[in-house]
Each structure stands twice: as C-alpha cells, then as structure tokens.
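Structure, as structure tokens:
Positions are given from 1, in the same order as the sequence printed here. Being a predicted model, the structure only gives us computed values, none of them experimental.
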Amino acid sequence: MPQKIAVAIIHGIGNDNPGFQDPNQPEKFTGGIAKRLKSQFSQLRGRNADGEAPELEIDAIYWAHILQKPQNDLWKRLEIEKLGWGDIRNFVFNSLADSVGYQITSATPPDDRAVYDGVHQCFADTLHRLAEKAGPNAPLCVIAHSMGAAIASNYIWDIQSGGVKAGSNKIEIHDNPLEKLETLTLLYTLGNQIPLWALRYNDFGTPVAVPSPNLSAHYPELEGEWVNYYDKDDVLGYPIKHMNNKYKEAVKEDREVNVGGLLSWTPLSHNGYWTNDRVTRPISQALFRLWQSVNLGT
C-alpha cells in the first residue's frame, strides 16, 4: 500500500473559529488551504481538479479556544466594548492577548503553563490523528500561519531539544516516529511572527531543524525544506532567513509573494496566504515530489 503524506496546518492570531477544524466545511477548514492543496495535488497526479487526493492526510491544529475564554472574560470585566476604535481595538486586543497569554519564560512556574501546554496539546492531538490516518511513519509537512509559526517553532524545539518526550507528563505524545517529529520533512511558514518572538534571545535564537535530524533513519532518500512566505505589505509577517547565520542555514528561502486579492496592497493581506496560488501551488508541488520520492523512488 502506498505511503500517505501527513500535513498538519496551524492557524495564527484571531477570534475563535471552529470551522477551521471542521472538514465538513471545506471553505473554512484550514482556511481553505486543504481544499486548494488537494485539488492541485490531484491535478499533478493526472486526475480531475475536484479529486480528493487520498495520498494526503490533512488535519488542522486548532488552538484558538484555549485562549478565547479568558480573553472574553477580561473583555467583559473591562467593558472594552464601551471604548473607542471598536474593530481596530478588537483586532489589537485579540492579537496581543493571544501572544501574551501563550508566552512563558524560564521563570514561569509550572502551574502557570496551562495555556502554553494546552496549545501544545492541541498540536500533539493533531499529530496523533495524522499518525492513525496516514501511518505512524508517514512523512510530515507542517504549514504554519502568523503566530502559529511561532507555536510550531516552539513545539518542534521542545521535542527536538528533549524538553518534551513521548510519555511526558506535560503533554501526551505517543511513541511513534511521526508524533515524535522524526519524520518532519517540510515546513512552510506564512506571514510568520518568529522574528518578534526571537527578540527574547541574544542574536535572535536558534531555529528548529528541518528536516528532522532523525528523518534519514526512516527515509534516507528524502531531502526536506523550510520555505518562509511573506508579503511586504503584511505588517504581521516577516522574512527570517537573515536573522542570523543559523537561520540562514536552516531556512531554504524567504519567498516574497503578493497575496490578499483586492486587499493585497494593505496590511489586511495577512489573511491572504491560505488560498493564494503563489503559496499553495509550490507547496502542492513539493508534496507531490515528496509522495513520488517515498512511493516511486523518483
């Protein structure tokens, strides 16, 4: 039986949107990128664009609900709806609240890690579902948008550095290659905010390893990549390759794209990556090459 490819897609800042994790709402599920990737992959396989692309198992890493309740509680206590600049204030409040609520430091007491660990458990749960559907040894692609890129970086770092292991009492990770990120092959960051989080570190920190240092033990023929997409008009998305020499080596390319349709020239382009062909088509092509390499040796 051919080996499937596992694709995990994590969202960024914003209000609670349960449709992001609902495959029965294809236009909302994963921001619509899953539907686009399946269509383009199907075409590359010589099938109709409406094909389901069974070679891909795609699932959403949905974490917004972890932070939404405390944000709602604080909003009500402060009666923020009575303040000015309604829509702008709402956007700023939720954006900053996500970042501040998720953040921990080395001095954070274990009892105050509930949000951080809760978000990471969402990540782990998605990988577990993918391991069940695509197989525990399936090559893994992670697509991360906005603050989701920082979350993905933290999650991958925690596992690659040994800070979190299978059987950990922090989050539940099962003992198989996919869930331990040993098969991590592709990473695509869209409108990412990693540089802002990197301000915590001297010389802006150390990137995660893509592909996984353990990938060759499972697929010695595979070569991975980390490509970062950004729109110069997106004030929340940044290039990362030249943050320092370590990022220069880890990131294959900072790829500037024009996304957002009619809003492409404005800061609202931040949400335009999901279904833009300049983003989805190269990713679908990479997934197709990955599937071919694993199953056909080409």
Side-chain angles (χ1 to χ4, degrees), residues 8-17 20 30-31 33 60-64 66-68 71 88-105 108 115-116 118-120 122-123 142-158 160 186-210 226-244 246-248 250-260 263-264 266-274 276 278-279 283:
I9 301 175
I10 181 169
H11 68 84
I13 57 176
N15 290 324
D16 198 7
N17 176 22
F20 189 86
T30 67
I33 194 173
I61 302 169
Y62 182 67
W63 55 267
I66 301 294
L67 282 154
Q68 195 66 52
Q71 289 177 22
I88 295 177
R89 187 181 295 276
N90 181 51
F91 176 76
V92 172
F93 177 86
N94 283 285
S95 299
L96 293 178
D98 281 345
S99 300
V100 174
Y102 167 73
Q103 175 62 39
I104 64 169
T105 69
T108 302
V115 170
Y116 184 88
V119 169
H120 284 203
C122 295
F123 206 123
V142 174
I143 301 173
H145 176 247
S146 184
M147 179 179 156
I151 293 171
S153 177
N154 287 342
Y155 184 86
I156 295 168
W157 176 268
D158 286 351
Q160 289 186 345
L186 305 174
L187 174 61
Y188 299 104
T189 47
L190 323 175
N192 92 86
Q193 296 164 14
I194 290 176
L196 303 181
W197 295 78
L199 289 167
R200 297 172 294 172
Y201 308 109
N202 292 330
D203 195 31
F204 310 121
T206 301
V208 298
V210 183
W226 177 356
V227 176
N228 177 58
Y229 291 88
Y230 73 100
D231 187 317
K232 66 180 182 180
D233 295 312
D234 174 12
V235 297
L236 293 175
Y238 297 92
I240 54 176
K241 186 174 177 65
H242 296 289
M243 285 168 54
N244 58 37
K246 290 173 285 188
Y247 272 93
K248 185 176 182 179
V251 180
K252 177 181 179 181
E253 181 183 357
D254 278 324
R255 187 171 298 174
E256 182 181 341
V257 290
N258 184 24
V259 300
L263 301 174
S264 63
T266 76
L268 295 178
S269 61
H270 185 61
N271 288 320
Y273 299 90
W274 293 118
N276 189 285
R278 297 178 182 89
V279 175
I283 295 177

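- Counted within 6.0 Å of NZ on Lys241, heavy atoms from surrounding residues, nucleotides or ligands total more than 12; the atom is thus considered enclosed.
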Test side-chain hydrogen bond (donor to acceptor under 3.5 Å, both in side chains) on Asn244 and Tyr201 and set out the steps.
CA-CA 12 Å; Asn244 58 37; Tyr201 308 109; over 6 Å; no
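- Under a cut-off of 6.0 angstrom, the local environment of NZ in Lys246 is crowded, with over 12 non-hydrogen atoms contributed by other residues, nucleotides or ligands.
- Legend: residues meeting ring-ring contact (aromatic ring centres under 6.0 Å, His included) with Trp274, ordered by chain and number and at least two apart, are Phe20, His145.
- At least one donor-acceptor pair closer than 3.5 Å links the side chain of Asp254 to the backbone N or O of Ile240.
- Residue Ala250 comes nearest to Pro207 through the heavy atom pair CB-CG, 3.6 Å, listed as atom of the first residue, atom of the second, then distance.
- When side chains are defined from C-beta on, Ser146 counts as touching Gln193, because their heavy atoms get closer than 4.5 Å.
- In this view, Arg255 and Val227, Tyr229, Glu253, Val257, Pro282 satisfy the side-chain contact (heavy atoms from CB on, under 4.5 Å) rule, not counting sequence neighbours.
- Ala150 pairs by the side-chain contact (heavy atoms from CB on, under 4.5 Å) definition with Trp197, not counting sequence neighbours.
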Would you check, one step at a time, whether the test side-chain contact (heavy atoms from CB on, under 4.5 Å) holds for Trp63 with His120?
CA-CA 8 Å; Trp63 55 267; His120 284 203; over 6 Å; no
Step by step, work out the side-chain hydrogen bond (donor to acceptor under 3.5 Å, both in side chains) result for Asp234 and Ser269.
CA-CA 6 Å; Asp234 174 12; Ser269 61; 4.9 Å; no
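- Under the rule for a ring-ring contact (aromatic ring centres under 6.0 Å, His included), the partners of Phe123 that lie at least two apart in sequence or sit in another chain are Tyr155.
- When all heavy atoms of Asn154 and Arg200 are compared, the pair lying nearest together is OD1-NH2, 4.0 Å.
- Between the CD1 atom in Ile61 and the OG1 atom in Thr30 there is a gap of 11.5 Å [rounded to 0.5 Å].
- Residues Tyr247 and Asn228 bring no donor and acceptor atom of their side chains to less than 3.5 Å of each other.
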Does the side-chain contact (heavy atoms from CB on, under 4.5 Å) test come out yes or no for Tyr273 and Asp231, once each step is laid out?
CA-CA 9 Å; Tyr273 299 90; Asp231 187 317; 3.6 Å; yes
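- Interatomic distance, CD1 of Ile33 versus CD1 of Ile9, reported as 5.0 Å (0.5 Å rounding).
- Side-chain contact between Val259 and Leu190: absent, with no pair of heavy atoms (C-beta onward) separated by less than 4.5 Å.
- For Gly237 against His270, the heavy-atom pair with the smallest separation is N-ND1, 4.4 Å.
- With values rounded to the nearest 0.5 angstrom, Lys248 atom NZ is found 14.5 Å from Met243 atom CE.
- Residues Leu196 and Tyr238 meet the side-chain proximity criterion, which asks for heavy atoms closer than 4.5 Å.
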Would Val279 and Tyr188 count as a side-chain contact (heavy atoms from CB on, under 4.5 Å) if you check the C-alpha gap in whole Å, the side-chain angles of each, and the deciding distance to 0.1 Å?
CA-CA 9 Å; Val279 175; Tyr188 299 104; over 6 Å; no
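- Within the 4.5 Å cutoff, the side chain of Ile66 has heavy atoms near those of the Cys122 side chain.
- Residues passing the side-chain contact (heavy atoms from CB on, under 4.5 Å) test with Val210 are Leu184, Leu187, Val208, Trp226, sequence neighbours excluded.
- The side-chain contact (heavy atoms from CB on, under 4.5 Å) search around Lys232 returns Glu256, not counting sequence neighbours.
- Considering all non-hydrogen atoms of both residues, Ala152 and Val142 come closest at CB-CG1, 4.4 Å.
- Atom CG of Asn192 and atom CD1 of Ile151 lie 12.5 Å apart (nearest 0.5 Å).
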